[in-house]
Amino acid sequence: MFPTLNEQMDLIKRGVFEIIPEDALVAKIEKSIKTQTPLKIKLGCDPSRPDLHLGHSVVLRKLRHFQDLGHEAILIVGDFTGMIGDPSGKSKTRPSLTLEDTRKNGQSYFEQATKILSTKNIKMLYNSEWLASMTFADVIALASKYTVARMLERDDFEKRYRDGEPISVHEFLYPLAQAMDSVAIKADVELGGTDQKFNLLVGRDIQREFGLDPQVAVMLPILTGTDGVEKMSKSLDNYIGVAESPKEIYGKTLSIPDKLIYDYFLLTTDIETDDLNKIKERVITNPREAKRFLARTLVSLYWSDDDARKSEEEFDRIFVQKEIPDTIDEFVLESTEKEMNIIQILTDTKLATSKSDARRLVEQGGVSIDGNRITDVNQMIPLASNIIMKVGKRRFLKIVTEK
RNA sequence: GGGUAGGUAGCGAAGCGGUCAAACGCAACAGACUGUAAAUCUGUCGGCUCCGGCCUUCGGAGGUUCAAAUCCUUCCCUGCCCA
């Protein structure tokens with residue numbers, strides 16, 4: 001039923017940054033094969049940011065690998081901990097959410113995650129199930145198992161403390177709450193990015209306190225965002241969302257720096273190991289083609305081969321040949337006038353956020369109608385027939401006039 | 001509880017009675033260039049404008065002054081030191 005130990009370890013270790021402790025994982029897998037019992041693989045989901053991007057996909061793909069090996073995926077939606085706010089990698093206190101928000105986001109998370117995960121051996125749980133019923137006494141007892149000094153070992157806490165930035169007491173409770181999740185489901189393995197190292201290890205300590213066999217921490221690299229500098233995140237707007245349209249995924253992929261091409265292949269695709277080595281060479285010999293291949297691979301993964309081909313054609317048409325896309329959003333403009341001021345059109349269509357903004361766009365030569373650049377802010381535009389507006393490099397809008 | 005330093009545009013950070021819609025950096029936006037939505041360079045970057053200006057902003061609320069981001073009072077928030 002289960003693949004052999006070596007087969008399992010090969011797949012598990014692909015793209016993984018660190019496994020702590022590796023020998024414990026080997027032991028767990030051996031026992032699993034012997035008893036024909038799947039391991040429980042835990043992954044915590046942050047319900048405050050329900051839009052999944054390729055950064056999340058790195059760890060989700062790893063979870064999928066475990067599923068493919070016959071193990072059980074357990075998604076823990078932090079609906080309860082979401083109200084605390086996760087301090088991981090953040091220099092500031094995060095805003096807290098309401099329980100309703102986190103529920104809704106959790107559902108959305110599941111829908112997106114199953115683009116990557118199998119729906120066969122998966123379980124999703126909300127951690128309010130066990131955390132909400134804890135009493136204050138329970139919490140104090142839990143908190144007593146950890147010291148402030150050990151909490152401050154964590155990089156970001158230590159940094160914030162050193163820099164004189166505020167750390168709320170409740171943030172110390174977050175790793176403990178996350179550890180309680182591991183206790184509640186008796187996790188064998190917990191997945192996370194390298195930034196989760198501390199939390200994953202606290203899980204081991206607390207499980208041990210509760211007399212359980214500690215989980216193995218499997219950590220994946222943090223995916224660098226499209227800017228090539230910061231980690232991929234929605235708030236930095238350097239992300240590629242898994243639910244984004246084919247052309248968005250294609251275009252954003254092409255905008256990544258060449259040095260990230262290999263990492264993206266390794267961490268966000270299921271390309272064969274042999275091909276992966278070929279990619280390494282191609283990145284150097286023909287970066288343009290390697291990146292276009294990556295972009296097509298990603299679109300195929302989340303949409304289809306057909307969408308991948310179309311996205312590429314469309315991209316070439318707009319950015320290489322500077323033509324207009326084959327489908328353009330329409331905006332119905334209701335007006336009885338025969339013509340309208342360009343500034344008015346820009347603001348009415350929301351292509352500009354204000355009249356000042358619209359004026360700026362025109363003055364800087366960013367606006368064109370039916371291929372002709374508009375340079376005069378007082379230009380009157382005839383509304384006789386449909387017009388195609390272009391603002392900047394990639395915003396197109398077809399204006400349909402309705403009398 | 002005592003002392004002390006702060007809260008400025010999306011973020012960081014100058015300004016400390018008029019010349020402040022507020023330096024500078026980042027982000028963002030536009031243009032040029034490019035295999036690219038990258039990099040680089042240039043410009044813009046509160047709102048309205050009859051392009052003369054006008055209006056709303058510098059934690060909140062009051063006040064002093066011809067004039068306040070800048071001074072005073074008070075409230076809220078945060079760091080640090082002492083207890």
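Nothing here was measured: the structure is a model prediction, and the numbers come from that model. The chains referred to below are lettered A, B, ... by the order of the sequence lines, with proteins before strands, and numbering in each begins at 1.
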message = By the 4.0 Å heavy-atom rule, please label A/Arg373 as base, sugar-phosphate, or nothing.
response =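 Sugar-phosphate, backbone atoms only, no base.
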Give a yes or no on whether the backbone of [Y] and the side-chain of [X] come within a donor-acceptor separation of less than 3.5 Å.
X        : Y        : result
A/Ser368 : A/Gly371 : no
A/Asp275 : A/Ile271 : no
A/Asp316 : A/Gln321 : no

If you measure from the [atom1] atom in [N] to the same atom in [M], how many Å do you get, rounded?
N     : M     : atom1 : result
B/U8  : B/G59 : P     : 6 Å
B/G35 : B/A28 : C1'   : 25 Å
B/U49 : B/U42 : P     : 32 Å
B/A30 : B/A37 : C1'   : 14 Å
B/C41 : B/C51 : P     : 37 Å
B/G18 : B/C81 : P     : 36 Å
B/G60 : B/C50 : P     : 32 Å
B/C26 : B/A14 : C1'   : 15 Å

key: Salt-bridge criterion met for A/Arg292 and A/Glu289 (N-O under 4.0 Å)   =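 Answer for the salt bridge query: yes.
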query = Charged N to carboxylate O below 4.0 Å: is that the case for A/Arg309 and A/Glu313?
reply =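 Result for this pair is yes, salt bridge flagged.
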Whole-Å distance between [N] [atom2] and [X] [atom1]?
X        : N     : atom1 : atom2 : result
A/Tyr161 : B/U78 : OH    : P     : 16 Å
A/Glu171 : B/U78 : CD    : P     : 12 Å
A/Asp163 : B/G6  : CG    : C1'   : 16 Å
A/Glu165 : B/C11 : CD    : P     : 14 Å
A/Asp237 : B/C11 : CG    : C1'   : 14 Å

Quick one: look up who [N] pairs with, Watson-Crick or G-U, both distances under 3.5 Å, and put none if it's unpaired.
N     : value
B/U78 : B/A5
B/A23 : none
B/U64 : none
B/A37 : none
B/C29 : B/G43

ask   = Is the NZ or CZ atom of A/Arg150 both under 6.0 Å from the centre of the six-membered ring of A/Tyr146 and within 45° of that ring's axis?
value =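 Yes, a cation-pi geometry.
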message = Using O4'-C1'-N9-C4 for purines and O4'-C1'-N1-C2 for pyrimidines, with syn meaning within 90° of 0, is B/G52 syn or anti?
response =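 Syn, which is what one calls it when the glycosidic angle falls within 90° of 0.
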ask   = Side-chain N or O of A/Arg395 less than 4.0 angstrom from OP1 or OP2 on B/C29?
value =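 For A/Arg395, the contact criterion (side-chain N or O under 4.0 Å from OP1 or OP2 of B/C29) is not met.
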Qualifying residues under salt bridge (charged side-chain N to carboxylate O under 4.0 Å, His left out), relative to A/Asp326, sequence neighbours excluded =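 A/Asp326 satisfies salt bridge (charged side-chain N to carboxylate O under 4.0 Å, His left out) with A/Arg317 once adjacent residues are dropped.
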message = I need a per-nucleotide contact map over nucleotides 35-47 of chain B, read 5' to 3'. Cutoff is protein heavy atoms under 4.0 Å; write B for the base, S for backbone only, - otherwise.
response = BBBS----BSS-S
query = Can you list the residues that meet the side-chain hydrogen bond (donor to acceptor under 3.5 Å, both in side chains) rule with A/Asn386, with sequence neighbours excluded?
reply =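 Partners of A/Asn386 under the side-chain hydrogen bond (donor to acceptor under 3.5 Å, both in side chains) test: none.
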